[in-house]
Amino acid sequence: MPYQITVMLHTPAHSGIGGALTYESEVAYPPGTLVRVPLGSRELLGVVWDAPQMRAIATSPMVEPNSHRGADKPSPPNEAPVPMQLRAVASVLEGIAPLNAHWRQLVQFAASYYQRSTGEVALAALPSQLRDLSTEQWARRLKRKVKAVNAFEENAQTIPTPTDEQAHVLTDIAAHKGPFLLFGNTGSGKTEVYLRAAQAVLERDAQAQILVMVPEINLTPQLEERFRTRFCPQWGEDCLVAMHSSLTPAQRLKNWLAAHSGEARIVLGTRMAVFASMPHLQLIVVDEEHDPSYKQQEGARYSARDLAVYRGQLVGAKVILGSATPSLESWHHSRPASGAEPARRYMRLAMPSRVGQGALPLVRRVDMSRQPYKTVFSNHLLDAIRERITRGEQILVLLNRRGYAPVLSCNDCGWKSECPHCSAYRVFHKLDRTLRCHHCGFTQPVPRTCPSCGNLDISPLGRGTEQLEEHLAELLADVRRPDGEPIRIARIDADSTRLKGELERQLAEVHAGAVDVLVGTQMIAKGHDFRRVTLVAALNPDGALFSSDFRAPERLFSLLMQAAGRAGRDAAMTLFSPCEMWVQSFHPLHPLFEALKQHDYPAFAEQQLKEREQATLPPFSFQALVRAEARSQEAAQGFLNAAREAGAALADELLVDLYPAVPMTIQRVANIERAQMLIECTSRKALQHFLAHWQANLHAMRSAHRQVMRWAVDVDPLAI
Ligand code: ADP
Ligand code: ZN
Ligand code: ZN
């Protein structure tokens, strides 16, 4: 066979093969071609990576671990190249155009930046059915390509005239290169800006494609609807496809192919969509760009937001990052369009006003230190809730916890429902009367008596959302809706929405007005356009003020602003009295709440950035974490500290700080000990340089520390 080609595969991590293998072939498949190749006794999907080479001599070819360019990781020791006969490419996936150079470069960059193998990132970015369908199944799948063109119902839609702020922002987007940080209040009409910017791109170029990313698609079904209503009448039902993890494998393949072929003009998806193959990509929107769910938390721990910015620059697509509370990183890297300040990475575009809606809610703080001991709802808040319900308005009660009274405790000896396998407490689930570990899943029936002293008096500590719902029902038992009916309280959190479709059903009930009080976790704060909500209450926000996680205040502020944005979305609902956000806190005068009261994100950001700068925390420094898992904490830390030792000289040279290994916050999960080590540097480039070289040390250490089961690097971690 005349050609030798490099193919990227997702090889098992322990194989020591970095993902690039060489095969021989009769055909000079161009880079980006999807092929099936043999590996051991299996056949795997792979992507042809480099231009095929003519084979010089047909003797002693070999597997080349990590042969691919400098960007890849150095090969681990004792997995030296194994001489073997080159095997032939088994087959090619017919009917799919090769993945283009931009896509391959995006994958290559992500792999290199996040310290993973290119093969892993490449294959993880492809729909699983490409891998799982046999050649025969694939051939059948291709024939099925003809689809029914069902006409989209053209209900007359009124497209709003842009407000002055929107018009201004759209002009800037059209005139400049970006990337843009669209700093727009909740309800300022950001989505309308995305829609108009998209419309302009679609009209300008008959092929142009648009990528719209959202944090969690299930929480914002309305967004997809708005895009469909706007674009399907003109561009057809198939102009938009979704890409997220709750699609079936078949749907995912279908949508992926539609994007890859250019047939779908708009891809709307979650973080995984950043890797969608879109050959004519011209606009990328990242909605709620500050949202932590843009960071992948396993495998290649990439930030889809950061990759979106990279991808935009790579392909020359405009990028719009939108948020009412941008991440402090994005805020720091942005400046208004005009102004004497030096040019920053992002152009900041502001939309401070709410469109055709009531004013932002009045923030009211309750000093909990002046309330009777163990108060859950202060009387003032209860009165306000009662009054609004009788007027037919809706209430959101925001609680930052999950499950029924998290921990069981013995009132005599102090026993708590610890998980025997983890350094965490098990949660009391009232529904099936179990104690359940949220980390390893270990579940047992609730004991009748204290396992430690036999005392009968064991009871829940603290309050979770389930219990709160009951408690509130008692407190409001005498309240009636305007129609004289008893009130309805609903709860939305990870537990109540575990069943498929349950979240949608519950949200629909809230929208329909069947629910008067909605109790829930941050899930209820995001994106929903609840028209009748006029009061939002945050019950226990204090934990985040004094957290060991330096990003906790940023998260809390954004959560509270988001939640506040759920109130007063319909001006007609606030004719009687302005909408309100209540915060119950033991520290009501904390600067965070002061800024919240003024709805002043810039003030909050400035204060936080000042603190971060003093402490040289991101965005004034760059971080990476190495995590290791072993049977003992000693082994996990020993491995990390040895690697630290090995990297010390290079770290010194590059001014990279290596901190000692520490146990992770959740130290033990399912009997496995976890440790981590922080790496910090004021230069991203130096940190990258260090990590790329230090990988070899980690691989080497691994063979000397056999007890270590796993280790992984997290670049730009979101929590340390
Ligand atoms: P955001 O995404 O910033 O929260 P949206 O785009 O959802 O804001 O807009 C909030 C509400 O205002 C929506 O109901 C939307 O239809 C409406 N809206 C947006 N722009 C306009 C406009 N120019 N004229 C009238 N209504 C608008
Ligand atoms: Zn006891
Ligand atoms: Zn556990």
Side-chain angles (χ1 to χ4, degrees), residues 155 157-171 173 180-199 212-215 219-230 268 285-291 320-326 349-361 407-418 425 435 446-461 511 525-533 536 558 561-574 579 599 601:
N155 37 15
Q157 54 165 329
T158 42
I159 297 176
T161 316
T163 62
D164 285 352
E165 282 178 5
Q166 286 170 333
H168 207 107
V169 159
L170 285 161
T171 311
I173 292 174
F180 305 96
L181 178 65
L182 178 56
F183 170 51
N185 234 321
T186 47
S188 64
K190 290 187 293 298
T191 311
E192 186 58 35
V193 168
Y194 306 151
L195 288 163
R196 290 226 164 224
Q199 177 88 17
V212 180
M213 297 209 293
V214 293
L219 299 184
T220 49
Q222 291 168 355
L223 190 74
E224 183 174 343
E225 215 31 60
R226 278 173 79 178
F227 271 83
R228 284 201 180 279
T229 315
R230 182 68 58 92
L268 188 79
V285 171
V286 184
D287 191 28
E288 309 291 0
E289 67 88 33
H290 62 279
D291 198 293
I320 306 174
L321 309 176
S323 177
T325 52
L349 309 170
M351 296 204 301
S353 319
R354 279 185 134 185
V355 186
Q357 304 186 2
L360 281 166
V407 177
L408 273 194
S409 145
C410 168
N411 296 322
D412 222 33
C413 74
W415 168 88
K416 291 187 183 62
S417 54
E418 255 166 306
Y425 293 108
L435 290 177
V446 169
R448 263 176 232 289
T449 60
C450 169
S452 159
C453 74
N455 176 18
L456 283 168
D457 186 18
I458 49 176
S459 61
L461 255 185
H511 285 296
K526 286 184 187 175
H528 310 292
D529 195 10
F530 298 132
R531 308 303 295 183
R532 292 175 52 221
V533 168
V536 177
S558 139
M561 286 283 276
Q562 285 278 325
R566 294 316 109 213
R569 291 179 81 83
D570 188 347
M573 290 302 295
T574 54
C579 56
H599 304 285
Y601 169 82

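In each ligand, atom 1 is the first atom listed, and ligand 1 is the first ligand listed.
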Pairs of nitrogen or oxygen atoms closer than 3.5 Å, one from V355 and one from ligand 1: do any exist?
no
Between V355 and S188, what is the shortest heavy-atom contact and its length?
CG2-O, 3.2 Å
Short list, please: which atoms of ligand 1 are under 4.0 Å from a heavy atom of E192?
6 (O), 19 (C), 20 (N)
Compare every heavy atom of R354 with every heavy atom of P361, then report the nearest pair and how far apart it is.
CD-NH1, 4.5 Å
With respect to T186, determine whether any N or O atom, backbone or side chain, lies less than 3.5 Å from an N or O atom of ligand 1.
no
Considering the heavy atoms of S188, write down every atom of ligand 1 situated less than 4.0 Å from one of them.
3 (O), 8 (O)
Looking at every non-hydrogen atom in both residues, tell me the closest pair between K190 and G184 and how far apart they are.
NZ-O, 2.8 Å
With a cut-off of 4.0 Å, which atoms of ligand 1 are near a heavy atom of P162?
23 (N)
Indicate yes or no for a side-chain donor-acceptor contact from N185 to the backbone of P352 under 3.5 Å, with no hydrogens or angles considered.
yes
Does T186 reach the side chain of M561, with side-chain heavy atoms less than 4.5 Å apart?
no
Using a cut-off of 6.0 Å, state whether more than 12 heavy atoms not belonging to D457 lie near its atom CG.
yes
Mind listing the closest non-hydrogen atom pair of C579 and L360 along with its distance?
SG-C, 4.3 Å
Considering only heavy atoms, does Q166 approach ligand 1 within less than 4.0 Å through its side chain, its backbone, both, or neither?
side chain
So E289 and L181, do their side chains get closer than 4.5 Å, heavy atoms only?
yes
Nearest to atom 2 (O) of ligand 1 by heavy atom, L182, D164, T191: which?
T191
Counting both backbone and side chain atoms, is some N or O of P160 under 3.5 Å from an N or O of ligand 1?
no
Minimum heavy-atom separation for T449 and G454, please, with both atom names.
CB-O, 3.4 Å
Is there side-chain contact between C413 and C450, with at least one heavy-atom pair below 4.5 Å?
yes
Protein N, O or S atoms under 2.8 Å from the Zn ion (ligand 2)
4
Which atoms of ligand 1 sit under 4.0 Å from any heavy atom of T163?
23 (N)
Contact check, R226 vs ligand 1, heavy-atom distance below 4.0 Å:
yes
Heavy-atom pair with the smallest gap, counting every atom of P447 and W415
CG-CH2, 4.3 Å
Near T161, which atoms of ligand 1 are under 4.0 Å from a heavy atom of that residue?
22 (C), 23 (N), 24 (N)
Is N185 close enough to touch ligand 1? Criterion: a residue heavy atom under 4.0 Å from a ligand atom.
yes
So for atom NE2, which belongs to H511, do other residues, nucleotides or ligands contribute more than 12 heavy atoms lying within a distance under 6.0 Å?
yes
